[in-house]
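Single-structure report; data block below.
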Amino acid sequence: MATEAPSAELMVKAEQVHKSFGRHEVLRGIDFEVRTGEVACIVGPSGGGKSTFLRCVNHLEKINAGRLWVGGELIGYVQRGEKLHEMKDKEVAAQRRSIGMVFQRFNLFPHMTAAENVMAGPVVVQRRDKNESRDRAIELLTSVGLGDRGDSYPAQMSGGQQQRVAIARALAMDPELMLFDEPTSALDPELVGDVLDVMRKLAESGMTMMVVTHEMGFAREVGDSLAFIDQGVVADFGPPREVLANPSSQRLREFLGKVL
């Protein structure tokens, strides 16, 4: 049955999203909405489906059922009549340009400097001028506190610095939506704060963000909404302060007892 596209005020809308790997059903009917300009935080136990859901939002994982929209566009599929037809790889790649993603691991090119990593997407994908792209790269590196590290290679930087370069690289494509998949989980504790500060400033600038995280303080302070995903469903949802202060289920209370 055809489904009406979401209103313009919604940046992300997921409707009964299912995802399986073989016989293992990871997502079992996710309904989720993120308004433009909001920070949506996603928490939950390992294996509960939160990172898989995030990867479905930009079609890094193909959903088995349901629908996902970003910016009013169906992601990965075109609807003709009542049927969905998968897009070609080039069409999906074009959609992804409006969605930035920062992973647990930084995934920087080791043979490129910080500035070269940041300018690679604009130059290679968007065919932008190299000099202009480098200027923009230094501007973005400055915005994440690394303006003096443009000529440094990843091996010469700490994990926190590399993750901030990864954030600058994602921003270089001028995304409408930023996805963060546990961006601080691979960092030493003393490096976490710098990355969270960059994300906090990004939220203050009005960037729409979906953040899978175990940083409950960040979720409480910066998040507009918080979803607890467990066993492939959204088991709790609401304003972060309310969800964290008054968990509605024993499962959520147990989870928070381990992470708070």
Side-chain angles (χ1 to χ4, degrees), residues 11-12 34-44 50-51 54 57 99-108 112-122 135-227 239-241 243-245 256 259-260:
M11 177 63 73
V12 180
V34 184
R35 293 181 180 276
T36 301
E38 281 189 345
V39 177
C41 293
I42 302 170
V43 303
K50 56 191 188 298
S51 291
L54 202 71
V57 171
I99 306 171
M101 187 158 187
V102 178
F103 300 87
Q104 294 180 37
R105 296 289 173 180
F106 329 119
N107 297 335
L108 299 178
M112 292 184 178
T113 64
E116 288 168 345
N117 266 281
V118 174
M119 60 190 282
D135 289 344
R136 173 69 170 147
I138 297 300
E139 180 184 317
L140 286 168
L141 287 170
T142 301
S143 76
V144 299
L146 295 172
D148 60 341
R149 301 304 299 268
D151 293 325
S152 298
Y153 289 90
Q156 298 171 316
M157 293 184 282
S158 69
Q161 290 171 330
Q162 290 183 62
Q163 191 62 294
R164 284 184 278 157
V165 173
I167 293 172
R169 178 179 61 182
L171 292 173
M173 299 294 284
D174 297 319
E176 296 178 358
L177 169 68
M178 283 285 286
L179 309 178
F180 293 87
D181 187 8
E182 300 195 43
T184 60
S185 65
L187 302 179
D188 291 333
E190 67 268 23
L191 303 177
V192 168
D194 289 340
V195 173
L196 293 180
D197 284 344
V198 169
M199 294 170 63
R200 191 176 285 108
K201 289 175 185 173
L202 199 53
E204 290 169 355
S205 75
M207 175 64 74
T208 311
M209 299 161 61
M210 292 177 66
V211 184
V212 171
T213 185
H214 287 299
E215 302 291 341
M216 297 301 159
F218 176 86
R220 186 187 291 109
E221 295 165 25
V222 182
D224 295 293
S225 65
L226 186 142
R241 291 177 186 271
V243 173
L244 294 174
L256 293 176
V259 299
L260 286 178

From Leu196 CG over to Glu215 CD, what is the distance, rounded to the nearest 0.5 angstrom? 5.0 Å
Non-neighbouring partners of Glu38 that pass side-chain hydrogen bond (donor to acceptor under 3.5 Å, both in side chains), sequence neighbours left out: none
With sequence neighbours excluded, what pairs up with Glu182 under the side chain to side chain contact (heavy atoms under 4.5 Å, CB included) test? Lys50, Ser51, Gln104, Ser185, Val212, His214
Can you tell me how far the CE atom of Met119 sits from the OG1 atom of Thr113, to the nearest 0.5 Å? 8.0 Å
The criterion is side-chain hydrogen bond (donor to acceptor under 3.5 Å, both in side chains); which residues satisfy it with Thr208, sequence neighbours excluded? none
Could you tell me which residues satisfy side-chain hydrogen bond (donor to acceptor under 3.5 Å, both in side chains) with Ser152, sequence neighbours excluded, listed by chain and number? Arg149
Any chance you could lay out the side chain to side chain contact (heavy atoms under 4.5 Å, CB included) test for Met209 and Val102, step after step, and finish with the verdict? CA-CA 11 Å; Met209 299 161 61; Val102 178; over 6 Å; no
With sequence neighbours left out, the residues meeting side-chain hydrogen bond (donor to acceptor under 3.5 Å, both in side chains) with Gln156 are none
Not counting sequence neighbours, which residues clear side chain to side chain contact (heavy atoms under 4.5 Å, CB included) with Asp151? List them please. Arg134
Between Asp224 and Ala40, is there a donor-acceptor pair closer than 3.5 Å when you use the side chain of the first and the backbone of the second? no
Tell me the closest heavy-atom pair linking Thr213 and Val43, and the distance in Å. O-CG1, 3.4 Å
State the CG-CG distance between Leu140 and Leu146, to the nearest 0.5 angstrom. 11.0 Å
Can you tell if the side chain of Val57 reaches within under 4.5 Å of the side chain of Leu177, non-hydrogen atoms only? yes
Only pairs under 3.5 Å count here: list side-chain donor-acceptor contacts from residues 161-173, not counting sequence neighbours, and write none if there are none.
from   : atom 1 : to     : atom 2 : distance (Å)
Gln161 : OE1    : Ser158 : N      : 2.9
Gln162 : NE2    : Pro154 : O      : 3.3
Gln162 : NE2    : Met157 : O      : 3.3
Gln163 : NE2    : Phe103 : O      : 2.9
Gln163 : NE2    : Pro183 : O      : 2.8
Arg164 : NH1    : Val144 : O      : 3.0
Arg169 : NH1    : Asn107 : O      : 2.9
Arg169 : NH2    : Phe106 : O      : 3.0
Arg169 : NH2    : Asn107 : O      : 3.4

Report the distance from atom CG of Leu54 to atom CZ of Phe180, rounding to the nearest 0.5 Å. 10.0 Å
Could you list the residues that satisfy side chain to side chain contact (heavy atoms under 4.5 Å, CB included) with Glu176, not counting sequence neighbours? Met11, Ser98
Here the pair of heavy atoms bringing Pro240 nearest to Gly223 is CG-O, 3.4 Å
Measure across Pro175 and Gly100 and return the closest heavy-atom pair with its distance rounded to 0.1 Å. CB-N, 3.4 Å
Results of side chain to side chain contact (heavy atoms under 4.5 Å, CB included) for Arg200 - residues two or more places apart only: Asp197, Glu204, Phe218, Glu221, Val222
Partner residues of Arg220 under the salt bridge (Lys or Arg N to Asp or Glu O under 4.0 Å) criterion, sequence neighbours left out: none
